[in-house]
Number of protein chains: 2
Amino acid sequence: MENITEMLKGVLEGCVLEFISRGETYGYEITQQLRELGFTDVVEGTVYTITMRLEKNNLVNIEKKPSNMGPPRKFYTLNEAGREQLTLFWDKWEFVSNKMNELKSN
Amino acid sequence: MENITEMLKGVLEGCVLEFISRGETYGYEITQQLRELGFTDVVEGTVYTITMRLEKNNLVNIEKKPSNMGPPRKFYTLNEAGREQLTLFWDKWEFVSNKMNELKSN
DNA sequence: ACTGGTATTCAGTATTACTAACTACTTTAA
DNA sequence: TTAAAGTAGTTAGTAATACTGAATACCAGT
C-alpha cells in the first residue's frame, strides 16, 4: 500500500507503544515488527524519532545491553505513564475508527 | 474525545471528499457535518484549508451561489480525479484500519 | 579489505491540522 | 439605527509528525 504516511501520523507512535508493552524491545526490532505488520515502508529513522520522543516524554524505561549481532541495543519498557498513554491511544483509535466506519457505511 | 488531531491527519481530507461525493456542498456545511459525525472540535478554518487543497489539486468542481442566510457559498462537487482519490482514500483506510485492529487483537 | 546485516543518531524537509484574526452578508433584538 | 449573532470564506503563521538521507559503529563471512 503506497502513500499512507499521512494516515500513519498519530497511529505509528501507538504501534510502537504497543510493541514495547509486549516486552522489552529496541528500535531496530520495532522497525521489523512494523514491517511484518504490513507497514513495509517504515524505515529505522522514523522509528528512532518516535522512540526518542517517548524518551523525551518520559514514557519508557531504558536499558542499554550489548548485542552479539552488532552494536549495543537500547531496550525499552513502558513505565506507568507509558501504559496510560497506550490505553489512551487505543481509546482514541477506537473513537476515530468507529466514526470513520460509521461514515463509510452511512 | 480530546487531542485526536494527530490521528485526524490524513483522514479528515477523506471525510471531506466523502461528504462532497454525496452531493453538492460547501465549507461551512461540511464543518457542521464533521461535527455531527463526532469530530466536534473541527473548526471552519481547518475545513477551508482542506477545500482549498482540493481545489489546488483539481479534485473538485466549484460553483459559487448566493445564499439567503449570508454571504455567497462555494459549492463543491467531485470530478473524476476526486472520485478516484476518494476510492483510493477508502482503500488506504481499509488497509491501515485492518492492520491496526490486527495489532490490537494480536 | 570489503560487503552486508545490525543498530543508533541527527539535521533538515514535507505535509497536515490548528490558531487566530480579518472580511462580509443577513436577520433579529436592543 | 446600532449591535450582536449566525452564516460564509480567506489567510498568515504555528505545532506536530513521519520521512529523507547521511553519518557513525559493531560484527560476520568472503
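Here is the naming used below: chain letters follow the sequence lines, and residue numbers restart at 1 for every chain. Atoms considered below: every heavy atom in the structure, side chains included; atoms not considered: hydrogens, waters and symmetry mates.
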Given that G45(B) and L12(B) both sit by DNA chain C, which one's nearest nucleotide is further toward the 5' end? L12(B)
May I have the distance from E29(A) (atom CD) to dA7(C) (atom C1'), rounded to whole angstrom? 12 Å
Closest-nucleotide mapping onto DNA chain C: is P71(A) or T51(A) further toward the 5' terminus? I mean the 5' end. P71(A)
Return the value, rounded to whole Å, for the distance between atom CG of L34(A) and atom C1' of dA18(D). 12 Å
Given dA24(C), dG5(C), dC10(C), which nucleotide is nearest the side-chain atoms of Y28(A)? dG5(C)
Quick check: any donor-acceptor pair below 3.5 Å linking the side-chain of K9(B) to the base of dA16(D)? yes
So does S67(B) get a side-chain nitrogen or oxygen closer than 4.0 Å to the phosphate oxygens (OP1/OP2) of dA8(D)? yes
Answer yes or no: is there an ion pair linking R73(A) with E29(A), defined by an N-O contact shorter than 4.0 Å? no
Among dT6(C), dC18(C), dA8(D), find the nucleotide with the atom closest to the side chain of M69(B). dA8(D)
Contact between R22(B) and N106(A) at the side-chain level, heavy atoms closer than 4.5 Å - yes or no? yes
Quick check on dT9(C): is either OP1 or OP2 less than 4.0 Å from any side-chain nitrogen or oxygen of K74(A)? yes
In whole Å, what is the span from the CD1 atom of I62(B) to the C1' atom of dA8(D)? 15 Å
In whole angstrom, give the distance that lies between atom NZ of K56(B) and atom C1' of dT10(D). 15 Å
Can you tell me how far P of dT17(D) sits from NZ of K92(A), to the nearest Å? 9 Å
Phosphate OP1/OP2 of dT10(D): any Y48(B) side-chain N/O under 4.0 Å: no
So do T25(A) and Q33(A) actually touch side chain to side chain, heavy atoms under 4.5 Å? yes
Would you mind classifying the nucleic acid contact of T46(A) as base, sugar-phosphate or nothing, using non-hydrogen atoms under 4.0 angstrom? base
With sugar-phosphate meaning primed atoms plus P, OP1 and OP2, does E13(B) contact a base, only sugar-phosphate, or nothing at under 4.0 Å between heavy atoms? sugar-phosphate
Heavy atoms, side chains only, cut-off 4.5 Å: are F39(A) and K99(B) in contact? yes
Are Y26(A) and dT8(C) close enough that a side-chain N or O sits under 4.0 Å from OP1 or OP2? no
Side chains of D41(B) and T5(B): does their closest heavy-atom pair fall under 4.5 Å? no
Before accepting this row, confirm whether a basic side-chain N of the pair K104(B)/E94(A) lies closer than 4.0 Å to the acidic partner's carboxylate O. yes
Assign N68(B) to base, sugar-phosphate, or nothing according to its heavy-atom contacts below 4.0 angstrom with the strands shown. sugar-phosphate
Taken to the nearest whole Å, CD/E44(B) to C1'/dA21(C) is 13 Å
Look at the side-chain N and O atoms of R53(A) and state whether any lies under 4.0 Å from the OP1 or OP2 oxygen of dA18(D). yes
How close or far is atom P of dA18(D) from atom CE of M1(A), stated in whole angstroms? 19 Å
Nearest to side-chain heavy atoms of M52(A), which nucleotide of dA8(D), dT9(C), dT11(D): dT9(C)
Out of dA7(C), dC10(C), dT10(D), minimum distance to the side chain of R73(A) belongs to dA7(C)
Take the protein atom CG of L54(A) and the nucleotide atom P of dT17(D), then report the distance between them rounded to whole Å. 10 Å
